[in-house]
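To keep things clear, I will list the structure first and then write my remarks on it.
Note that these values count all heavy atoms, side chains included, but never hydrogens, waters or copies made by symmetry.
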Amino acid sequence: MKKSILLLVILLQAATYTLKAQQQTNKEFFPITPMVSEELSLNKGVIKSLENKARQMLTSNSFASKSNRILLTANIVEISKDVTPTAPPVFDINMEATFYIVDIIEKAIINEITFEVKGTDKMEHKAYIKAINKINPRSQEVRKFVAESKRLLSEYYNNRLPSIIKKAETLAAQELYDDAIASLCDIPETVNGYNEAADKMQVIYQQKIDHDANYLINEAKALMAARNYNDALGALMEVNPNSTRSKDAQLLVKNIRNSIAAEERARIEAELRKFELLQEEKNRQRDDNITLEKMRINAMREIGSIKIEENQPAIMNELGTWFKSAFK
């Protein structure tokens with residue numbers, strides 16, 4: 001949990017500087033993960049090139065984030081392959097590369113776009129890569145696809161918002177707070193009812209930091225009872241300053257100060273001062289509600305992002321299952 005405190009301090013410092021930029025881009029926030037299935041029977045370099053092209057299409061068109069459920073994936077269908085009778089041979093490949101926006105949870109295609117491209121090289125996999133590289137992620141065709149996809153995604157989430165919120169509540173009730181937050185982080189701000197989802201995410205985030213605080217405070221009390229004040233202080237420093245148990249943590253820190261001898265107090269004074277600085281930063285941020293709100297949103301999105309990264313192997317497995325059922 002030390003990482004979470006460090007993250008909080010960084011966010012507190014950075015929130016003011018990033019607020020303006022985020023206000024301009026939040027409405028364009030459409031979480032999608034670029035991912036190509038390993039079930040595609042092609043050279044790994046071709047698969048990587050295809051995934052990089054998907055990523056370029058996203059980052060060039062306001063899709064610069066990751067999702068727990070919505071993927072931009074791809075498949076290649078070979079139209080023709082000519083091999084010259086030379087030494088070395090030359091491969092001339094004509095193919096269709098189709099990119100799909102897929103809800104990997106419901107196994108549903110939301111939108112798709114197909115490119116017919118050609119590539120030539122002395123090595124077959126490089127001929128594929130050269131063909132893929134001819135796809136322009138900033139072309140008018142791609143921009144039209146992006147605009148249509150945003151509209152379709154907004155409609156898609158509008159129809160599913162109640163069930164997504166209900167699932168998040170169920171996950172939170174099971175104390176799977178990170179999974180609950182990650183599921184709500186997928187929802188774009190253009191969706192009707194987004195504010196309801198955002199409010200629910202804040203409620204769950206508060207439940208998470210309070211749950212963590214309860215555990216840490218109980219741990220600190222047990223350590224204090226054993227007169228292990230140094231480790232007790234370490235546990236209390238992990239209590240999120242925005243937790244409803246923050247004042248309880250501060251009180252325990254004061255008790256530690258009053259309980260230890262002068263010599264030991266001097267030894268851990270630096271740690272005590274770190275705790276105080278966190279509290280002072282929290283108090284300063286309370287005077288700026290906009291910055292505090294942005295900080296909380298950033299913290300929640302960071303939780304969602306970390307959870308999505310952890311889920312990548314499972315998402316890849318789900319994508320493989322869908323790919324085989326759709327194309328094999």
Side-chain angles (χ1 to χ4, degrees), residues 1 3-4 7-8 11 26 29-33 35 63 65-73 101-110 152-219 238-240 242-246 293-322 325:
M1 293 184 184
K3 290 182 180 179
S4 64
L7 169 64
L8 180 61
L11 290 172
N26 279 348
F29 187 80
F30 278 80
I32 299 182
T33 299
M35 183 178 288
F63 281 114
S65 71
K66 289 191 174 183
S67 169
N68 227 12
R69 66 184 297 157
I70 306 298
L71 308 182
L72 178 61
T73 189
I101 293 180
V102 178
D103 180 344
I104 202 59
I105 294 177
E106 297 190 11
K107 307 296 189 296
I109 296 175
I110 298 170
L152 291 172
L153 280 168
S154 291
E155 292 176 358
Y156 193 79
Y157 276 111
N158 281 338
N159 294 332
R160 288 159 177 78
L161 189 61
S163 63
I164 293 173
I165 292 176
K166 182 64 176 178
K167 180 181 178 181
E169 290 174 338
T170 300
L171 290 168
Q174 297 169 353
E175 298 183 356
L176 298 173
Y177 302 110
D178 290 0
D179 293 280
I181 291 170
S183 69
L184 294 172
C185 281
D186 280 341
I187 301 170
E189 289 193 24
T190 54
V191 172
N192 294 334
Y194 169 80
N195 289 339
E196 180 185 356
D199 290 344
K200 179 60 63 176
M201 185 161 54
Q202 295 221 34
V203 168
I204 294 173
Y205 174 71
Q206 191 66 50
Q207 290 173 346
K208 169 187 168 59
I209 62 176
D210 286 346
H211 175 270
D212 292 346
N214 287 335
Y215 174 84
L216 289 164
I217 287 173
N218 288 336
E219 181 183 24
E238 298 295 332
V239 175
N240 192 306
N242 290 307
S243 166
T244 56
R245 300 296 308 276
S246 178
E293 180 69 12
K294 191 58 59 177
M295 180 201 70
R296 289 173 63 87
I297 291 172
N298 285 344
M300 289 183 286
R301 284 181 175 166
E302 183 67 17
I303 290 169
S305 178
I306 291 171
K307 192 62 186 179
I308 290 169
E309 284 296 329
E310 292 176 356
N311 289 343
Q312 289 298 288
I315 295 173
M316 177 61 82
N317 287 338
E318 288 295 322
L319 175 60
T321 300
W322 172 81
S325 66

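Applying the ring-ring contact (aromatic ring centres under 6.0 Å, His included) test to pairs two or more places apart or on separate chains, those with a residue in residues 162-188 are Tyr177-His211. Annotation: salt bridge (Lys or Arg N to Asp or Glu O under 4.0 Å) contacts involving residues 175-185, sequence neighbours excluded, comprise Asp178-Lys208, Asp179-Lys307.
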Please walk me through it: do Val191 and Tyr156 pass side-chain contact (heavy atoms from CB on, under 4.5 Å)?
CA-CA 9 Å; Val191 172; Tyr156 193 79; over 6 Å; no
Please evaluate residues Ile32 and Leu71 with respect to the criterion side-chain contact (heavy atoms from CB on, under 4.5 Å), reporting the C-alpha separation (whole Å), side-chain torsions for both, the decisive distance (0.1 Å), and the verdict.
CA-CA 5 Å; Ile32 299 182; Leu71 308 182; 5.5 Å; no
Show the numbers, then the answer: is there a side-chain contact (heavy atoms from CB on, under 4.5 Å) between Met201 and Cys185?
CA-CA 8 Å; Met201 185 161 54; Cys185 281; 3.6 Å; yes
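In this model, no donor atom of one side chain and acceptor atom of the other lie less than 3.5 Å apart for Asp212 and Asn240. Inspection of the Gln206 and Asp210 side chains reveals an N or O donor paired with an N or O acceptor under 3.5 Å. No hydrogens or angles considered: nothing links the side chains of Ser67 and Thr33 as a donor-acceptor pair under 3.5 Å.
Under the 4.5 Å side-chain criterion, counting only non-hydrogen atoms from C-beta, Leu184 is not in contact with Ile181. Put simply, the side chain of Glu318 does not reach to within 4.5 Å of the side chain of Trp322, judged on heavy atoms. Looking at Ser305 and Lys66, their side chains never come closer than 4.5 Å, going by heavy atoms from C-beta outward. The shortest distance between side-chain heavy atoms of Asn242 and Ile209 falls below 4.5 Å. Looking at heavy atoms from C-beta onward, Ile165 lies in side-chain contact with Glu196 at the 4.5 angstrom threshold. Within the 4.5 Å cutoff, the side chain of Ile70 has no heavy atoms near those of the Asp186 side chain. Looking at Ile217 and Val239, their side chains come closer than 4.5 Å, going by heavy atoms from C-beta outward. Between Glu238 and Leu216 the shortest side-chain heavy-atom distance falls below 4.5 Å.
Residues Tyr205 and Ala299 come closest through the heavy atom pair OH-CB, 3.6 Å. Pro188 and Tyr194 make their closest contact through O-CD1, 3.4 Å (heavy atoms, listed as atom of the first residue, atom of the second, distance).
The CZ atom of Arg69 sits 4.0 Å away from the CG atom of Asp103 when rounded to the nearest 0.5 Å. To the nearest 0.5 angstrom, Asn317 atom CG is 11.5 Å from Gln312 atom CD. Of the inter-residue distances, the one linking Ile110 atom CD1 with Leu72 atom CG reads 11.0 Å to the nearest 0.5 angstrom. Rounded to the nearest 0.5 angstrom, Thr73 OG1 and Ile109 CD1 are separated by 10.0 Å.
Within the 3.5 Å criterion, the main-chain N or O of Ser243 finds no donor-acceptor partner in the side chain of Ser246. In this structure, Thr190 contributes its side chain and Ser154 its backbone to no donor-acceptor pair below 3.5 Å. Listed for the Asn68 side chain is no donor-acceptor partner under 3.5 Å among the backbone atoms of Ile308.
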Name every donor-acceptor pair, under 3.5 Å, that has one atom in a side chain of residues 166-173 and the other anywhere in the protein, sequence neighbours excluded.
unit_1 : atom_1 : unit_2 : atom_2 : d
Glu169 : OE2    : Lys200 : NZ     : 2.9
Thr170 : OG1    : Lys166 : O      : 3.1

